[in-house]
**Q** 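So that we are looking at the same thing, I have put the structure below in structure tokens.
Treat the numbers as computed from the prediction; the structure is a model and nothing was measured. Side chains are part of it too, since the values below use all heavy atoms of this structure and drop only hydrogens, waters and symmetry mates.
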Amino acid sequence: LGVGVVGGARSLLAASAEQASKLLATRGILFADLADVSGLGAAAAEASEVIGDAARASARWITPRWTRPAAKGGVPEGTATKVSQKQLRHVKGRPEWTARGEGSYFNSADDAQAVLDAVHGGNARVLGTTRQGHVVVEVKGVTGFNNNPRAGFMDQPTNIFMIKGTASPSVVPTSPAWKPRKAR
């Protein structure tokens, strides 16, 4: 067990030896202490705790911003709170919507703003991200309409939405059957 703990600590923290040393030092453990596997006892428990702390820190560091449960409801820092002018591309009856081929839509821009408000307020369930990195959320109480003629769907009611952009976000209704892609 002791050798496994030491080997695990080394491989987990090898990418940043300086950071690992600082983390271990805050626990009163030196790398030299970990190299000596004799009499690990309490040191093994301490190393295990350090490894756990490092793993949790690494997970926070590499977790995509969209999927992090945050006080802001999972939105990346810097995401605007108002939908952009581009949102009109997804409002039924607007010239911008017609010019773009009458894709998925809301009945009003207020519905799109309600989705963005729910995301910022933590009242949206983050489902995942698209291949392009756009967040997909579920918001109960707001209805949009999915139009995907190639798949045979027209005016399909949905409460699943894709958020595109951060500085000038727009909200796009998407398939109610949307599922996150499987990790490879």
Side-chain angles (χ1 to χ4, degrees), residues 12-13 15-16 19 23 51-184:
L12 178 66
L13 303 173
S16 177
Q19 184 181 8
L23 183 61
I51 291 167
D53 290 348
R56 283 186 292 279
S58 294
R60 281 192 303 274
W61 183 60
I62 62 172
T63 301
R65 295 179 300 172
W66 291 111
T67 59
R68 261 189 244 154
K72 295 180 184 175
V75 298
E77 291 108 36
T79 299
T81 57
K82 301 290 180 198
V83 293
S84 72
Q85 192 71 18
K86 292 179 193 174
Q87 186 62 52
L88 297 178
R89 297 174 182 174
H90 299 285
V91 177
K92 186 176 185 175
R94 293 286 309 191
E96 298 90 338
W97 178 69
T98 304
R100 300 273 301 186
E102 299 184 355
S104 296
Y105 65 91
F106 290 97
N107 284 323
S108 75
D110 292 340
D111 290 337
Q113 184 62 53
V115 171
L116 196 57
D117 291 345
V119 170
H120 276 284
N123 299 318
R125 186 166 68 111
V126 176
L127 301 177
T129 58
T130 67
R131 286 186 189 105
Q132 295 79 24
H134 304 301
V135 70
V136 177
V137 298
E138 177 182 30
V139 178
K140 302 284 187 189
V142 178
T143 303
F145 297 89
N146 178 42
N147 272 355
N148 187 342
R150 288 184 299 190
F153 297 112
M154 294 299 290
D155 303 319
Q156 181 184 35
T158 184
N159 64 351
I160 309 295
F161 308 99
M162 176 176 56
I163 312 287
K164 293 178 73 177
T166 55
S168 299
S170 60
V171 182
V172 181
T174 193
S175 171
W178 189 91
K179 300 283 184 237
R181 64 186 191 278
K182 297 190 191 282
R184 294 180 182 216

**Q** Between atom CG of Asp117 and atom CG of Asp110, what is the distance when rounded to the nearest 0.5 Å?
**A**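 It is 10.0 Å, given to the nearest 0.5 Å.
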
**Q** Using the side chain to side chain donor-acceptor pair (under 3.5 Å) rule, take Asn146 and Tyr105 through it: C-alpha gap first, then chi angles, then the decisive distance, then the call.
**A** CA-CA 7 Å; Asn146 178 42; Tyr105 65 91; over 6 Å; no

**Q** Going from CD on Glu138 to CG on Asn159, what distance comes out if it is rounded to the nearest 0.5 angstrom?
**A**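 Nearest 0.5 Å value for the CD-CG distance: 4.5 Å.
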
**Q** Nearest 0.5 Å, please: how far is NE2 in His90 from NZ in Lys164?
**A**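 Here the rounded value is 5.5 Å.
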
**Q** Does atom CD of Gln85 have more than 12 heavy-atom neighbours, drawn from other residues, nucleotides or ligands, at distances under 6.0 Å?
**A**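 It does not: Gln85 CD has 12 such atoms or fewer within range.
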
**Q** Which heavy atom of Pro169 sits nearest a heavy atom of Ile163, and at what distance?
**A**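 Looking at all heavy atoms of both residues, the closest pair is CB-CG2, 4.4 Å.
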
**Q** Under the 3.5 angstrom rule, does the side chain of Ser104 hit a backbone N or O of Pro173 as a donor-acceptor pair?
**A**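 Between the backbone of Pro173 and the side chain of Ser104 there is a qualifying donor-acceptor contact (under 3.5 Å).
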
**Q** Would you say the side-chain atoms of Thr129 pair up with the backbone N or O of His134, donor to acceptor, closer than 3.5 Å?
**A**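 The answer is no, because no donor-acceptor pair under 3.5 Å joins these two groups.
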
**Q** Which distance, rounded to the nearest 0.5 Å, do you find between the CD of Gln156 and the CG of Asn147?
**A**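 If I round to the nearest 0.5 Å, the distance is 9.0 Å.
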
**Q** Picking from Leu127, Val139, Val137, what satisfies side chain to side chain contact (heavy atoms under 4.5 Å, CB included) with Ile160?
**A**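 When side chain to side chain contact (heavy atoms under 4.5 Å, CB included) is applied between Ile160 and each of Leu127, Val139, Val137, only Leu127 qualifies.
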
**Q** Taking all atoms of both residues into account, what is the closest heavy-atom pair of Phe106 and Asp111, and its distance?
**A**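 Distance-wise, the nearest heavy atoms are CD2-CB, 3.4 Å.
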
**Q** Answer whether the closest heavy-atom distance between the side chains of Thr158 and Thr143 falls below 4.5 Å.
**A**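 With C-beta onward as the side chain, the pair stays apart.
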
**Q** Within this structure, what is the NZ-CZ distance for the pair Lys92 and Phe145, rounded to the nearest 0.5 Å?
**A**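 Here the interatomic distance stands at 7.5 Å.
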
**Q** Tell me whether Gln113 contacts the main-chain N or O of Thr81 through its side chain, where contact means a donor paired with an acceptor under 3.5 Å.
**A**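 Yes; at least one donor-acceptor contact below 3.5 Å.
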
**Q** Sub-3.5 Å donor-acceptor pair from the side chain of His120 to the main-chain atoms of Ala80, do we have one?
**A**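 Pair found, side chain donor or acceptor close to backbone of Ala80.
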
**Q** Is the shortest side-chain heavy-atom distance between Gln87 and Val171 below 4.5 Å?
**A**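 Answer yes - side chains close enough.
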
**Q** Once you round to the nearest 0.5 Å, how far does CD of Glu96 lie from CZ of Arg89?
**A**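 That separation rounds to 9.0 Å.
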
**Q** Is a side-chain N or O of Trp97 found less than 3.5 angstrom from the main chain of Gly103, in a donor-acceptor match?
**A**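 Yes; at least one donor-acceptor contact below 3.5 Å.
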
